[in-house]
There are 2 protein chains.
Amino acid sequence: MIRVALAEDHTPLRVRLADFLSRSGTVRLVAVAANGHELLDALKRLPEAERPQVVVMDLEMPRLDGIATTATLRELYPSVEVLVFTVFEDDTRLFAAIEAGAAGYLLKDQPLTDVLDAVEDVHAGGSPLSAPMARRLLDTLRPPHPEANPFDLTDREIEVLRLVVAGHTNTEMADALGIAFATVKTHVRHIYEKLHVSTRAEATRTAIRRGLV
Amino acid sequence: MIRVALAEDHTPLRVRLADFLSRSGTVRLVAVAANGHELLDALKRLPEAERPQVVVMDLEMPRLDGIATTATLRELYPSVEVLVFTVFEDDTRLFAAIEAGAAGYLLKDQPLTDVLDAVEDVHAGGSPLSAPMARRLLDTLRPPHPEANPFDLTDREIEVLRLVVAGHTNTEMADALGIAFATVKTHVRHIYEKLHVSTRAEATRTAIRRGLV
DNA sequence: CCCAATATCCCCCGTTTGGGGGAACCGTCC
DNA sequence: GGACGGTTCCCCCAAACGGGGGATATTGGG
């Protein structure tokens with residue numbers, strides 16, 4: 001039996017979900033709350049052996065929303081995993097939840113049995129994510145490359161830019177590349193023009209942030 | 001009916017999976033291959049209207065493995081989505097697959113019906129991920145913060161570092177912070193000492209790469 | 001065949017940086 | 001009350017940088 005707590009402000013859903021989870025046979029509800037504050041309060045009262053292993057957490061709740069609650073919860077009890085269960089499909093909330101320490105992110109358009117599966121996944125050390133949310137995650141992970149050179153830098157210029165980012169002086173670069181100091185300066189100047197910057201620090205920032213190196 | 005192609009080198013599984021998918025009623029198999037080369041070959045022969053919408057892809061295959069095949073495939077036919085189906089649980093392969101353009105990553109320890117669900121998810125624009133793999137993803141997404149300041153920078157120094165990264169000169173920073181030029185230089189010098197660098201470009205690189213800003 | 005792009009090199013000059021030194025002030029903690 | 005870390009300020013000077021100009025050679029298209 002997995003010990004589970006539930007935080008959900010919408011009463012009908014809370015009751016239905018609590019009921020469903022209780023009857024499942026694989027989980028045992030140790031706390032049910034209508035908002036984050038209530039949940040944290042309930043957990044404070046529970047003896048350690050009764051603490052939930054997984055918390056099913058709504059995001060939009062009065063008196064401490066799901067994100068804040070998750071952050072606090074994970075701070076106080078790092079061993080308690082949080083499974084977010086929400087209607088919100090935006091990536092802002094998704095990333096905030098992940099940042100706060102959520103282990104899973106489930107959308108409410110899924111059948112209740114999926115919640116049960118997800119609770120089991122979380123308890124087993126996994127991170128169930130609804131497919132649409134996982135897509136957003138992958139899409140943000142990927143972009144770095146698609147068009148890695150939007151600045152029209154030449155091969156040589158990229159080579160020089162790498163050395164700039166590595167912190168080399170023009171003289172060092174001239175040695176390393178076997179060209180004259182003056183040539184390095186020219187390359188650097190062209191790089192600045194193309195990146196619309198005027199110092200090494202700015203060029204370095206742009207290069208790293210835009211994945212040019 | 002979702003048009004699906006299958007690439008899997010292990011014959012018994014390939015046959016079983018092909019059989020299962022065919023009988024499902026929701027997908028139609030337009031190609032079955034035992035390796036990446038064979039798959040690409042098959043796709044080349046298909047008219048555009050017959051091209052699969054989703055490819056179920058094994059990773060370990062002779063003659064072009066799943067990662068390389070995925071990359072090529074996505075290059076040639078960007079509209080074809082790839083669902084990776086593998087035994088490999090390591091994050092190296094997971095990230096390589098994502099990088100190559102995979103839309104989903106399923107582990108082989110799951111029932112065949114999950115593959116069908118996943119194909120539907122992918123077709124619907126989602127990214128089904130096995131819970132253990134999603135966890136690895138989240139864990140790599142999170143670490144940046146735990147100890148964001150391993151260099152013992154003071155508040156003031158971080159403030160200055162931010163401005164350095166933004167490309168400001170010492171004079172500009174002095175104005176912005178309402179302190180003397182000399183003081184800015186002192187802060188910058190201390191930052192260099194703590195970061196073990198000696199130029200703005202290096203400081204900028206370190207600051208960004210280590211999440212100091 | 002010529003043109004545009006790329007890479008190479010040079011001069012000049014003012015500004016900025018990096019690093020060496022020193023010193024004062026102010027909280028806080030012991 | 002003294003030590004300590006953090007912040008503030010100053011002097012000096014060589015090295016590096018940023019930007020202005022111009023020049024030559026090669027190469028691959030149009």
Side-chain angles (χ1 to χ4, degrees), chain A residues 145-213, chain B residues 75 144-213:
Chain A
H145 281 265
E147 193 214 1
N149 189 353
F151 295 102
D152 249 56
L153 294 174
T154 68
D155 291 350
R156 198 51 155 175
E157 283 161 0
I158 289 188
E159 211 169 340
V160 172
L161 180 53
R162 265 187 238 285
L163 294 174
V164 168
V165 170
H168 295 290
T169 66
N170 292 338
T171 311
E172 287 168 350
M173 293 191 267
D175 281 355
L177 299 174
I179 58 181
F181 172 82
T183 309
V184 174
K185 287 195 71 173
T186 305
H187 285 312
V188 171
R189 221 180 323 160
H190 289 160
I191 292 170
Y192 287 177
E193 285 165 12
K194 290 183 179 178
L195 301 191
H196 304 297
V197 300
S198 61
T199 68
R200 300 179 160 238
E202 288 178 292
T204 300
R205 175 172 111 267
T206 304
I208 296 181
R209 291 252 159 95
R210 305 292 282 260
L212 269 40
V213 292
Chain B
E75 184 79 26
H145 278 264
E147 192 214 1
N149 189 353
F151 294 102
D152 249 56
L153 295 174
T154 68
D155 291 349
R156 200 53 158 172
E157 283 161 2
I158 288 188
E159 210 169 341
V160 171
L161 180 53
R162 265 187 238 284
L163 294 173
V164 167
V165 170
H168 295 290
T169 66
N170 292 338
T171 311
E172 288 169 348
M173 294 191 268
D175 281 355
L177 299 175
I179 57 180
F181 173 84
T183 309
V184 174
K185 288 194 70 174
T186 304
H187 286 313
V188 171
R189 219 178 327 159
H190 290 160
I191 292 170
Y192 287 179
E193 283 164 13
K194 290 182 179 177
L195 301 190
H196 303 298
V197 301
S198 60
T199 69
R200 289 164 176 255
E202 288 178 291
T204 301
R205 175 171 111 266
T206 304
I208 296 180
R209 291 251 159 96
R210 305 292 281 261
L212 269 42
V213 294

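Every chain is numbered from 1, with letters handed out A, B, ... down the list of sequences. On a predicted model such as this, the values are computed, not experimentally measured, just so you know.
Residues from residues 159-174 of chain A that place a heavy atom under 4.0 Å from any atom of DNA chain C: there are none. Contacts of residues 178-193 of chain A with DNA chain D (heavy atom under 4.0 Å): A:K185, A:R189, A:Y192. Residues from residues 197-207 of chain B lying near DNA chain C, meaning a heavy-atom separation below 4.0 Å, are B:S198, B:T199, B:R200 in numerical order.
Between the P atom of C:dT6 and the CD atom of A:E157 lies a distance of 7 Å, rounded to the nearest Å. One atom, CD1 of A:I158, and another, C1' of C:dA7, lie 15 Å apart when rounded to the nearest Å. Between the CG atom of B:D155 and the P atom of C:dG27 there is a distance of 16 Å, rounded to whole Å. Computed from coordinates, the A:L177 CG to C:dT6 P distance equals 18 Å when rounded to whole Å. Nucleotide D:dG18 holds its P atom 12 Å from the CG atom of A:L195, rounded to whole Å.
Here the closest heavy-atom approach between residue B:A174 and residue B:A180 is recorded as CB-C, 3.9 Å. Here the shortest heavy-atom pairing between A:R200 and A:T169 reads NH1-CA, 4.1 Å.
Within the structure, the side-chain hydrogen bond (donor to acceptor under 3.5 Å, both in side chains) test picks out the following pairs touching residues 171-192 of chain B (sequence neighbours left out): B:H168-B:E172. Within the structure, salt bridge (charged side-chain N to carboxylate O under 4.0 Å, His left out) contacts touching residues 157-171 of chain B (residues at least two apart or in different chains) are B:R156-B:E159, B:E157-B:K194.
Two residues are said to be in side-chain contact when any heavy atoms from C-beta on lie closer than 4.5 Å; B:V164 and B:M173 meet this criterion. Counting only heavy atoms from C-beta outward, the side chains of B:V165 and B:L212 never approach each other to under 4.5 Å.
Listed by chain and residue number, A:F151, A:L195, A:V197, A:R210 satisfy the side chain to side chain contact (heavy atoms under 4.5 Å, CB included) test with A:T206 (two or more places apart in sequence, or in another chain).
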